[in-house]
2 protein chains.
Amino acid sequence: MADLTLEDIAKQAGVSRSTVSRVVNNHPNVRGKVRQRVLQVIEDTGFHPNAAARTLASQRSWTIGLLLPHSVSFFFTDPYYPHLTKGIAQACNQYNYTLALFLVGTKEDEEKIFPRVSRKGLLDGVIVQAGHHGDQEIIGHLVDAAMPLVVAGRPFRSDNVSYVDIDNVNAAASAVSHLVRLGYQRIGTITGPANSTVGLDRKEGYVKTLKERGRSVDDSLIAEGDFTEAGGYYAMQKLLPARPDAVFAASDIMAIGAMRAAREAGLNIPDDVAFVGFDDLPIATLSNIQLTTIRQPVIQFGVKAVELLIDQIETGNTTPRRVILDTELVIRESCGASRRK
Amino acid sequence: MADLTLEDIAKQAGVSRSTVSRVVNNHPNVRGKVRQRVLQVIEDTGFHPNAAARTLASQRSWTIGLLLPHSVSFFFTDPYYPHLTKGIAQACNQYNYTLALFLVGTKEDEEKIFPRVSRKGLLDGVIVQAGHHGDQEIIGHLVDAAMPLVVAGRPFRSDNVSYVDIDNVNAAASAVSHLVRLGYQRIGTITGPANSTVGLDRKEGYVKTLKERGRSVDDSLIAEGDFTEAGGYYAMQKLLPARPDAVFAASDIMAIGAMRAAREAGLNIPDDVAFVGFDDLPIATLSNIQLTTIRQPVIQFGVKAVELLIDQIETGNTTPRRVILDTELVIRESCGASRRK
DNA sequence: TCGTAGATTGGGAGCGCTCCCAGTATTAAT
DNA sequence: ATTAATACTGGGAGCGCTCCCAATCTACGA
């Protein structure tokens, strides 16, 4: 199982390098008999074309990068990202692409990773998880390098890039509407960071809904979180004095933190305070009180991003496209729906 | 910012391709002045050598693969793996390697991924997360292909491969000893799968400790889980009839499931049943009762794996090596230590 | 049977880099 | 100033593949 080359296979099959290349790449114009013979030799020898040589000659690496900027350094504290990664990996397998993962941990990493991501001969395209102000730089970088690019999440400047997202405003609105419908009077919210589009959009959905329902928007019922459990916990503590009877948290993990704070304050869920989260990741059903939440199709999200990217790579069409996926309100216990109707 | 080549830079700097190559690769034997000049041109033009060409010529890709076999399909249900991935990614950044992620979801994926992982010109080496019976095949594959390899976790047949692990037997023993020390009489355990080395080893630590302390080992106090929250939940339900007063769960996530089951059964934690988990991931402190657990250095684990691998790649020394990292018992509330002493 | 369009096939010319070797410049010692 | 080391530098020969084009076959109709 030494290092075989096309030429070796060609010799063994009694054909030329070119013919072997054709059968490997499934080109037409190879006689059936010849194709069989070559295929046989390839199978017998366990030959696989050298990836680097192929990339150099064809200018296609068949690998895409997934870039997780510094802004998602709480990356592995919110299970959302691993799930997204899984969806992307899955799609890569399906389309026979290799996935390169770039996790930006520190500022120094950033400098090392920037050039590597845009370097020729490594990646055919990249998916970047974005939506924070800080992400604009890397996006600009990639656009300048004419690297096929799809953004996961809506970036702040979205005019010239393709992205996949959900309708965060309306999804949040449906969560808050649900709470209004259940008769809660003092509905609070724990938002995502104000320097992120997700954070802003979900908050907008909250504000919009209250206004539409003729409610006033009370700042003491709004606290900013950072998509961590601890962030949710502290935000809830800030909300507590305002005595909310329901809280919409912009992520499940923050909802869990918030519920912890509520319980510690001696409050009963959902009787004293109801909660609705966002994401519907497995953790939503993991706590002793099942979380009502907005389900977003995370895996689909990843798959779509890959599909958009591959289309861009293979057709060369870089017209910005956007895909907005549907969400769904999943009613469980934490909103108190069962006992209120 | 078109596609520049060494030759282009050479021309602009008035030197030869070879000289540019030398400065790019930091070789000695380039006059200081010349080096400066070339560096300047490189900076001005934003040149980065083509990765594929470099790989083809040098037979080194500077990328390593992380392979997560099918056996870890609950991959993103146990936060352990994302953390491991993070450690690995971090080390890759540090050593200037690119990380390729291979997530085996389905059996079909496996067939697509096998050749890709061992194909020449793509990876310099691979880290495979292993420890299940099913993982032997891919390991054999990789060994046959003479691919530098490090296993994360102890594989079943560990004689001819390098791996990183913790001392699961003793770590588990220290958890159980702690429970014994606190005076619990009916200590149960929720093990990992019996077809995994981790599952087996941690159970062995449990059994060993009880025997050393002159306790009998009661099968009705042992239930097998699968490292998921649901698995822990069901395992606990099986344990309940045996009336354990303490339970050692082989992972935090299973401990959380188990505690949910206990609470549903009306039991108080830790007064009626105490719990010790394993991992000390962020979730350990996320529930309303803080989990006593065994801390394992997950990030370190990833870093070590990368270091072993890179050493193997760069020195060519494939003598199997093993690194066993230390663990630590972290005492919090769930074991009831505070109220029992 | 012959000619020809169309199907196959082979080989050359790179892709952009590294590595080796031979040549040239530089330095230090005489 | 001369010579022998020593320090640099340039260019050729690939790495293993794809792609193009020219050459060879094949099959079919006249």
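Scope of the values below: all heavy atoms of this structure, side chains included, with no hydrogens, waters or symmetry mates. Throughout, protein chains are lettered first and strands after them, A, B, ... in sequence-line order, and every chain is numbered starting at 1.
A sub-4.0 Å separation between OP1 or OP2 of dT18(D) and a side-chain N or O of Asn25(A) is present. The side chain of Asn29(A) places no N or O atom within less than 4.0 Å of a non-bridging phosphate oxygen (OP1 or OP2) of dT9(C). When the side-chain nitrogen and oxygen atoms of Thr19(B) are compared with OP1 and OP2 of dG10(D), one or more of them lie within a distance under 4.0 Å.
One interatomic measurement links the two molecules: CG of Leu4(A) to C1' of dC17(D), which rounds to 14 Å at whole-angstrom precision. Taking atom NE2 of residue His27(A) and atom P of nucleotide dT18(D), one finds them 8 Å apart after rounding to whole Å. The CZ atom of Arg54(A) sits 18 Å away from the C1' atom of dG16(C) (whole-angstrom rounding). For the pair Arg22(B) CZ and dT9(D) P, the interatomic distance rounds to 8 Å; values are reported in whole Å. Regarding Ile9(A), its CD1 atom lies at a distance of 13 Å from the P atom of dG16(D), rounded to whole Å. Regarding Asn50(B), its CG atom lies at a distance of 17 Å from the P atom of dG14(C), rounded to whole Å. In this structure, the CG atom of Leu56(A) is 12 Å from the P atom of dC19(D), given to the nearest Å. Here dG16(C) presents its P atom at 10 Å from CG of Leu6(B), a figure rounded to the nearest Å.
In this structure, Ser18(B) reaches the bases: a heavy-atom distance under 4.0 Å links it to at least one base atom across the strands shown. Residue Thr5(B) is in sugar-phosphate contact alone, with no base atom involved, counting any heavy-atom pair closer than 4.0 Å across all strands shown. In this structure, Val30(A) reaches the sugar-phosphate backbone alone: every heavy-atom distance under 4.0 Å involves primed, P, OP1 or OP2 atoms, never a base.
Annotation: the span from Arg119(A) atom CZ to Met147(A) atom CE amounts to 10.5 Å, rounded to 0.5 Å. To the nearest 0.5 Å, the span separating CG on Leu123(A) from CG on Leu142(A) amounts to 9.0 Å. Atoms CG and CD, on Leu84(A) and Gln296(A) in that order, are 9.0 Å from each other to the nearest 0.5 Å.
Ranking dG10(D), dC15(D), dC15(C) by closeness to the Gln59(B) side chain, first place goes to dC15(D).
Classification of the Tyr80(A)-Phe301(A) ring pair by plane angle, with boundaries at 30° and 60°, yields perpendicular.
Contact annotation: side chain of Arg17(B) to base of dT18(C), donor-acceptor pair present below 3.5 Å.
Counting only heavy atoms from C-beta outward, the side chains of His141(B) and Val117(B) never approach each other to under 4.5 Å.
Positionally, the nearest nucleotide of DNA chain C for His48(B) lies more toward the 5' end than for the other of His48(B) and Arg31(B). When each of Val34(B) and Ser58(B) is assigned the nucleotide of DNA chain D with its nearest heavy atom, Val34(B) is the one assigned upstream, toward the 5' end.
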